[in-house]
*Asks:* 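Shown below is the structure under consideration.
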2 protein chains.
Amino acid sequence: MHSNGAEKHAEKPNSGGGRRRPSGRVTLEDVARHAQVSTMTVSRALRDPSLVSPSVRERVQAAVAQLGYIPNRAASTLASARSKLIVVLVPSLSNAVFVETLAGVQDCVGPSGYQLLIGNTGYSPERQAELLQAYLSHAPDGFLVAGIDDSNAVRRHLAASGVPLVHMFDLTSTDEWSVGFSQRRAGYAIGKHLIARGARRPGFIAAQLDPRTMQRRAGYRRALREAGRDPGVEVLTKEPSSPALGGALLKDLLSRTPKCDAVFCCNDDLALGALFECQRLGIAVPRELAIVGFNDLPFAAVASPTITTVATPRYAVGFEAARMLLRIVDGEVPEQRRIDLGFELVVREST
Amino acid sequence: MHSNGAEKHAEKPNSGGGRRRPSGRVTLEDVARHAQVSTMTVSRALRDPSLVSPSVRERVQAAVAQLGYIPNRAASTLASARSKLIVVLVPSLSNAVFVETLAGVQDCVGPSGYQLLIGNTGYSPERQAELLQAYLSHAPDGFLVAGIDDSNAVRRHLAASGVPLVHMFDLTSTDEWSVGFSQRRAGYAIGKHLIARGARRPGFIAAQLDPRTMQRRAGYRRALREAGRDPGVEVLTKEPSSPALGGALLKDLLSRTPKCDAVFCCNDDLALGALFECQRLGIAVPRELAIVGFNDLPFAAVASPTITTVATPRYAVGFEAARMLLRIVDGEVPEQRRIDLGFELVVREST
DNA sequence: CTGAAAGCGCTTACAG
DNA sequence: CTGAAAGCGCTTACAG
């Protein structure tokens, strides 16, 4: 058998004789010629086989297989004004939370043939705005964004482009689409829990200080306030989270308030580091110090002691947000503009 | 000021009167009319400003800003046969190793304006083949793939497409491009280390069992063999890695060989779970049992005890592989076909 | 069920 | 430094 290239040249008489720009690719036209039908018919047979007769269908499929035809998305995007591309913006990929969210998105859109363009904003609103802008050139069918952007300029741009957008994690006002849960209530639940467990001097450590973290903190503080406690000592830093940082922040916290008997770590990575630091310092958890994390990452359930935390529906957030977006893209109008997926306080040995 | 849409309609006299397919988008033509030049000139001014006169440059920039012009990548891809898209295939995103590799790739290609299409193969060669095939329709300028695919059918497809591919992590034969390090030698280094530390009955636990894991194992076994030891007890499972699994595998290992005094966990997640399991079982690490992990994930340096492991150059693998690919795309021919970035055994408290 | 024409929004290849 | 023509490989909108 000849190579495809040779075969093609033999069959394509360089029609017209004008200046061509041969790409070397097998095109719809090659398939059409091979199957003895028009390009339109091949296009139909490929997009929706029920649109053509069985015999044509077979011939086209055979030609596609034999020539090794691969459709050119750029061409179909240009002609149809539909890219089958969905842009997903997340603040970080090192954070397992967003990776699972992406998995949810992927699992939802995969079957429909959509592909994902993943952007990492690095928790920066400016970067988020830049990325939204940049990705517009791909003519995506929709945007899925974790973390609200405050820039109105970008919003106007997006609105003008007409590309729909669904927010993930943040529950927005009802004039926008969003899927998430209440960070504030989750923080509140943790505060209540610590108090119920008898914590007298709870502390709070947090990193990154993104809006979601600050909402958790607000809920947590409200719980303390309602119980008649003051906010207690807090150690905050804008640095990115890591187990190492968790250990450092805990040490800092203890140096400021040695009688601290409980600590809410704004996420599980910090909690893991705090736990190891306690082991190193010989502090008994939870007897001397209770530890709470956030997210319920895989290690939380098997640490020693196991870590009390809040299980967040991150996979579901991605899946449901994608489902909502797909419906909007298809012209439907979802019943709810905001979907609250809730959360679950998982009480374990560390409190 | 009018909306862009209104302005556009006023300026565009629907030339020809033929059937148009108005997309509502601002196009190069709109910018050209606004700046009083041809579309070609606008195209040049945008791609390489030095190609046009200063005054034209300014007018074009002003028009772009005023109309909010966003180039259509589908159109430029189709016309230029260059997509500025690079496909990256990784086995998993839940594995921090590959996320850091992606970060390296991103940091390398970002400045050149390339965008990434990220595919998750889930450690499946079949899925990898499917994805390579599927992504070909985006006419990517290059492929970056972690994990070798054995399917020849796909290789032929790729070769026929002419899209260059660089392997990451696996150092391939010299007729292909690759950037990575020797998993085998890394495993060997661990074996030697455990023996040097006086381990008498070392065990091995592993999950996923991807090719890289098996190469580490092979190197590890060679070290034992050279020291005159038998391979010792091994507990292997195809399940995906997790800290929970690490604990379970360790228990399994100890039940089979209670006198085991060291364990090589094929990655840090497993090692973390094993460490916690030891704490739970009251086994002193390293006195009663030495633990070695692999990858040097962030928690390894702060665990209690800190975990001995092998630091892998995953970020650099992504960065250098991307750099190699970019050069190939630009028609250059890198001096080396395979780049070995090495690894580092990091000895800590757990051994 | 099938097809000829026109167009999507850019860039290449020429020409001046 | 600038531009008119043609083309990239598909799909839309008609027509039969």
Side-chain angles (χ1 to χ4, degrees), chain A residues 8 12 14-33 35-60 64 67 69-84 136-139, chain B residues 8 12 14-33 35-60 64 67 69-84 136-139:
Chain A
K8 227 184 70 197
K12 195 186 271 177
N14 199 353
S15 54
R19 27 180 179 179
R20 300 197 78 258
R21 280 193 259 157
S23 66
R25 256 183 109 132
V26 177
T27 70
L28 249 201
E29 209 181 319
D30 298 316
V31 176
R33 201 175 304 109
Q36 318 229 37
V37 289
S38 70
T39 57
M40 258 321 298
T41 299
V42 177
S43 176
R44 284 192 192 99
L46 262 29
R47 276 174 300 153
D48 183 356
S50 74
L51 255 36
V52 301
S53 69
S55 81
V56 165
R57 205 179 304 158
E58 273 179 37
R59 267 185 292 150
V60 169
V64 164
L67 301 179
Y69 171 68
I70 291 167
N72 183 328
R73 285 207 179 222
S76 73
T77 296
L78 188 56
S80 69
R82 273 212 155 208
S83 62
K84 282 269 177 180
L136 235 23
S137 70
H138 283 104
Chain B
K8 226 184 68 194
K12 195 186 274 179
N14 198 353
S15 54
R19 26 182 180 177
R20 300 195 79 259
R21 281 193 257 157
S23 67
R25 255 183 111 132
V26 177
T27 71
L28 248 201
E29 208 182 320
D30 298 316
V31 176
R33 202 176 302 114
Q36 317 229 38
V37 289
S38 72
T39 57
M40 257 322 298
T41 300
V42 177
S43 176
R44 285 194 191 97
L46 261 29
R47 277 175 299 153
D48 184 356
S50 75
L51 256 36
V52 301
S53 69
S55 80
V56 164
R57 203 179 305 159
E58 272 179 37
R59 267 184 294 149
V60 169
V64 164
L67 300 179
Y69 171 68
I70 291 167
N72 183 327
R73 286 208 179 219
S76 72
T77 296
L78 188 56
S80 70
R82 275 210 153 212
S83 62
K84 282 270 176 182
L136 234 23
S137 70
H138 283 104

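What you see below is based on every heavy atom in this structure, not just the backbone, and it leaves out hydrogens, waters and symmetry mates. Residue numbers begin at 1 in each chain, while the letters A, B, ... track the order of the sequences.
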*Asks:* Of all heavy-atom pairs between A/R25 and B/A139, which one has the smallest distance, and what is that distance?
*Replies:* NH1-CB, 3.3 Å
*Asks:* For B/Y69 and B/V26, which heavy atoms make the closest approach, and how far apart are they?
*Replies:*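 Reported closest heavy-atom pair: CD1-O, 3.4 Å.
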*Asks:* Name the closest nucleotide to the B/S80 side chain, picking from C/dT12, D/dG9, C/dC10.
*Replies:*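 The nucleotide sitting nearest to the side chain is C/dT12.
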*Asks:* Please give me the minimum heavy-atom distance between B/T77 and A/A74, naming the atom from each residue.
*Replies:*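 Residues B/T77 and A/A74, closest heavy atoms: CG2-CB, 3.7 Å.
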*Asks:* Could you please name the option among C/dC1, D/dT2, D/dT11 that lies closest to any side-chain atom of A/S53?
*Replies:*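 Among the listed nucleotides, the one closest to the side chain of A/S53 is C/dC1.
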*Asks:* From the options C/dG7, C/dC10, D/dT2, select the nucleotide whose nearest atom is closest to the side chain of A/A79.
*Replies:*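 It is C/dG7.
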*Asks:* Within the structure provided, determine whether A/T41 and A/V56 are in side-chain contact (heavy-atom separation under 4.5 Å).
*Replies:*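 Yes; the side chains approach each other to less than 4.5 Å.
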*Asks:* Check whether any side-chain heavy atom of B/V37 sits under 4.5 Å from a side-chain heavy atom of B/V42, and report yes or no.
*Replies:* yes
*Asks:* So do B/L46 and B/L28 actually touch side chain to side chain, heavy atoms under 4.5 Å?
*Replies:* yes
*Asks:* I need the CZ-P distance between A/R33 and C/dA4, as an integer number of Å.
*Replies:* 13 Å
*Asks:* In dot-bracket, 5' to 3', how would DNA chain D read with Watson-Crick or G-U wobble pairs under 3.5 Å, [ ] for crossing ones and | for pairs to another strand?
*Replies:* |||.||||||||.|||
*Asks:* What is the distance, to the nearest angstrom, from the NE2 atom on A/H138 to the P atom on C/dC8?
*Replies:* 22 Å
*Asks:* Listed in order of residue number, which residues of residues 36-48 of chain A have a non-hydrogen atom at under 4.0 Å from DNA chain C?
*Replies:* A/V37, A/S38, A/M40, A/T41, A/R44
*Asks:* What is the distance, rounded to the nearest whole Å, between atom CG of A/L28 and atom P of C/dA4?
*Replies:*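 To the nearest whole Å, that distance equals 14 Å.
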*Asks:* Mark yes or no for whether B/R59, through its side chain, and B/A35, through its backbone, hold a donor-acceptor pair below 3.5 Å.
*Replies:*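 Yes, B/R59 side chain to B/A35 backbone: donor-acceptor pair under 3.5 Å.
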*Asks:* Could you check whether any side-chain N or O of A/R57 sits under 3.5 Å from a backbone N or O of A/V52, counting only pairs where one atom can act as donor and the other as acceptor?
*Replies:*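 Present.
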*Asks:* Please pick, from D/dG9, C/dT11, C/dC1, the nucleotide with the shortest atom-to-atom distance to any side-chain atom of A/A75.
*Replies:*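 Output: D/dG9.
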*Asks:* When you compare the side chain of A/N72 with that of A/T27, does any pair of heavy atoms fall below 4.5 Å?
*Replies:*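 No, every pair of side-chain atoms sits at 4.5 Å or beyond.
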*Asks:* In whole angstrom, give the distance that lies between atom CG of A/L67 and atom P of D/dG9.
*Replies:*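 Between P of D/dG9 and CG of A/L67: 14 Å.
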*Asks:* Please report, rounded to the nearest Å, how far the P atom of D/dG9 is from the CG atom of A/D30.
*Replies:*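 Checked: the CG to P distance equals 9 Å.
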*Asks:* Please report, rounded to the nearest Å, how far the C1' atom of D/dG7 is from the CG atom of A/N72.
*Replies:* 13 Å
*Asks:* Rounded to whole angstroms, how far apart are CZ on A/R82 and C1' on D/dT11?
*Replies:* 13 Å
*Asks:* Given atom NZ of B/K84 and atom C1' of C/dC10, what is their separation to the nearest angstrom?
*Replies:*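 After rounding, the gap between these two atoms is 16 Å.
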